[in-house]
Novice: 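Following this message is one structure expressed as structure tokens.
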Amino acid sequence: MRRITSIGPTPLDYENSGITSLDKQFPKSQTASVVDLQPTLPPIEEYQRPADWLPLPVVHSYDNKFCGLFAIFDNDSNVVNIQVNKNFVVDWGDGTGNHNYSANAIARHVYDFAAMDNSTLTSRGYKQSVITVTPATGGFSSYLNVCILDAVIVKNSVNWLDISMAGAAINTFPLAYYGGNGRLPFLEQIKIGQNNITNWQNQFFYCTNLRKVDIDTHKATCINGMFLGCWNIQTIPDIDIDAQNLSPSSINDVFSDCTALQHLPWIDTSTAQGMSRLAAGTLITELPNYDISNLTALYQAFWYNKWLSTVSWNLNKIQDWAYAFTGCYSLRSLTLDLSNASTMGFDQTLKNSISLERLTITGTDSNWNAFNWLQDSGLEYVPFVSTVYSNTPGGIFVGTPNLKVLPELSFPAATSLQNSFYATSAPTVKISAPNVTDASQICAYSQIQHANLDLPSATTIQYAFIQNYVLLDVKLNLTTTLTNAIFAIVLIEFTSAVP
């Protein structure tokens, strides 16, 4: 199934165009954009650790040990820095034995590619070393950092490939770009056993090659941005968190920009109030069975989830809907309860939802921000009640190429309707907006044939109907002096005297 999604407002010209007769209700653009609405998702493949990587020592969940596989490239940037807030021992894995360091000292080591044994050479061209860190006595204390950027060798990454660690007392374990530390672009696998970490914010920030995680997060009270930018991870196991002590806004950006992720793992979201950018840019096709009883914000939550086809959540408490389903190309139906969207954003909520066929709306007796909320959607019918209590409905129906019917609309709170019906395909528009002063380009580049606009306070209607080639009649109620009325149309009927 394919659908035309971008047909520009140019004069009708179909000779040798290739556009079928069913599409002639819209003008032809320079290039008509089409989208295949039948997703073919890549197969989920179980991660296979490269066979020529050195094996890591076993680290049990109850241990106090860090083991990491470190890549050594044929350059001069093979440096690693490690810090522990307790006396510790490091085996650098290059045959130099154990090295003792005092608490809070930075253990620094530089590898020489040529000096490393050729038996460690991988098919990817780098050599490797297994680094082991243990406390000098007893268990780790609260802090372990293996991602400190070097003060001499300037680089913004650390060469970890595989990590396995545990330490019951560790509550601070900075990794990828957390607290100013370096990224881990080569890390593919990580296992974290028993720990005392509560703040997992940005823990794996743009670990772009991360494929597999096995982590104990049961004490987590913040997971904002936890997997943000992990482009290649396809599956993430359920995330066990301390929901009762979770900060209300601590589930934002968790899976944002995980562009290979097809399913969201289970999380106890019963106390979460916000999920801004939760899964923006992922490949999910449906939403998990999360408890959203306290959820009030969905800002960009599913931004450009192009294969999301259904939304089963009861979203009756949402205040901030802005960009929530922007770019959800496959979304076909949606129910929106706007009863709590009184002062929060609704900006571009359904922009580019080109397959949207059914929209159910309740609770519209509120002053919600409808700016560009349906821009470029595929909606054919608008289920509004007659009155839209929005003070900012500018662009509300901009770029709706499939729209067939609009109900009569009243905008009692609006002061601007600029671009509100720009490039829409609805043949008839009838509105009442007593307080609107700016109606610039209100019906520009559209397929509107009949326009009945009650705009008694309008002073600006610049380009209101520019390049509308099918316009048959316009009825305008204007009672104020126009300061800008530059537009080209076929017929105007004024119901009030205008200077």
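Heavy-atom basis, side chains included; hydrogens, waters and symmetry copies ignored. If you read the sequence from its start, that first residue is 1, and numbering goes on from there.
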Novice: May I ask you to check whether D150 and N81 show a side-chain donor-acceptor distance below 3.5 Å?
Specialist: yes
Novice: Do the side-chain N and O atoms of S377 and T400 include a donor-acceptor pair separated by under 3.5 angstrom?
Specialist: no
Novice: Main chain of I197, side chain of N195: is a donor-acceptor contact present, judged purely on distance under 3.5 Å?
Specialist: yes
Novice: Taking the side chain from S425 and the backbone from P401, do they hold a donor-acceptor pair closer than 3.5 Å?
Specialist: yes
Novice: Do F302 and W313 make the cut of ring centroids closer than 6.0 angstrom?
Specialist: yes
Novice: Tell me if a side-chain donor or acceptor on Q83 pairs with a main-chain N or O of L144 at a distance below 3.5 Å.
Specialist: no
Novice: Is a side-chain donor or acceptor of Q203 paired with a backbone partner of F173 at a separation under 3.5 angstrom?
Specialist: yes
Novice: Has K65 got more than 12 heavy atoms of other residues, nucleotides or ligands less than 6.0 Å from its NZ?
Specialist: yes
Novice: Just list the side-chain donor-acceptor pairs under 3.5 Å for residues 69-77, sequence neighbours left out, or say none.
Specialist:
unit_1: N75; atom_1: OD1; unit_2: S77; atom_2: N; d: 3.0
unit_1: N75; atom_1: OD1; unit_2: S77; atom_2: OG; d: 2.7

Novice: Any donor-acceptor pair under 3.5 Å linking the side-chain atoms of T217 with those of D240?
Specialist: no
Novice: Testing the 3.5 Å rule here: is there a donor-acceptor pair between the side chains of N171 and T198?
Specialist: no
Novice: T310 side chain to E286 main-chain N or O, any donor-acceptor pair under 3.5 Å?
Specialist: no
Novice: Using the ring of each side chain (for Trp, its six-membered ring), is Y323 parallel, tilted or perpendicular to Y299, with breaks at 30° and 60°?
Specialist: perpendicular
Novice: Under 3.5 Å, is there a donor-acceptor pair between the N196 and K219 side chains?
Specialist: yes
Novice: Got a donor-acceptor contact below 3.5 angstrom from the S276 side chain to the L298 backbone?
Specialist: no
Novice: What is the minimum heavy-atom distance between Q128 and W53, and which atoms define it?
Specialist: OE1-CA, 3.3 Å
Novice: Salt-bridge test for E380 and R332: reply yes if a basic N is under 4.0 Å from a carboxylate O, no otherwise.
Specialist: no
Novice: Do other residues, nucleotides or ligands put more than 12 heavy atoms under 6.0 Å from W160 CH2?
Specialist: yes
Novice: Side chain to side chain donor-acceptor pair (under 3.5 Å) for S142 and N85? Distances and angles first, verdict last.
Specialist: CA-CA 7 Å; S142 59; N85 63 343; 2.9 Å; yes
Novice: Does some side-chain heavy atom of L350 sit less than 4.5 Å from a side-chain heavy atom of L356?
Specialist: yes
Novice: Would you name the heavy atoms of A166 and G193 that are closest together and state the gap between them?
Specialist: CB-CA, 4.1 Å
Novice: R124 and E188: salt bridge (Lys or Arg N to Asp or Glu O under 4.0 Å), yes or no, with the steps?
Specialist: CA-CA 14 Å; R124 299 179 183 180; E188 294 188 14; 2.5 Å; yes
Novice: Please state whether the rings of H109 and Y111 are parallel, tilted or perpendicular, taking 30° and 60° as the class boundaries.
Specialist: perpendicular
Novice: Between N87 and S102, is there a donor-acceptor pair closer than 3.5 Å when you use the side chain of the first and the backbone of the second?
Specialist: no
Novice: Quick check on the 6.0 Å ring-centre criterion: do W231 and F255 meet it?
Specialist: no
Novice: Check whether the side chains of N104 and Y143 place a donor and an acceptor atom closer than 3.5 Å, and report yes or no.
Specialist: no
Novice: Would you check if the side chain of D52 reaches a backbone N or O of S123 as a donor-acceptor pair within less than 3.5 Å?
Specialist: yes
Novice: Would you indicate whether the side-chain heavy atoms of V79 and R108 approach each other to under 4.5 Å?
Specialist: yes
Novice: Would you check if there is a donor-acceptor pair between the side chains of Q189 and D162 at a distance under 3.5 Å?
Specialist: yes
Novice: Would you say the side-chain atoms of N118 and K127 include a donor-acceptor pair closer than 3.5 Å?
Specialist: yes
Novice: Using modelled atom types and a 3.5 Å cut-off, is there a donor and acceptor pairing between side-chain atoms of N100 and backbone atoms of F88?
Specialist: no
Novice: If we ignore hydrogens and angles and just use 3.5 Å, is the side chain of K86 paired with the main-chain N or O of F140 as donor and acceptor?
Specialist: no
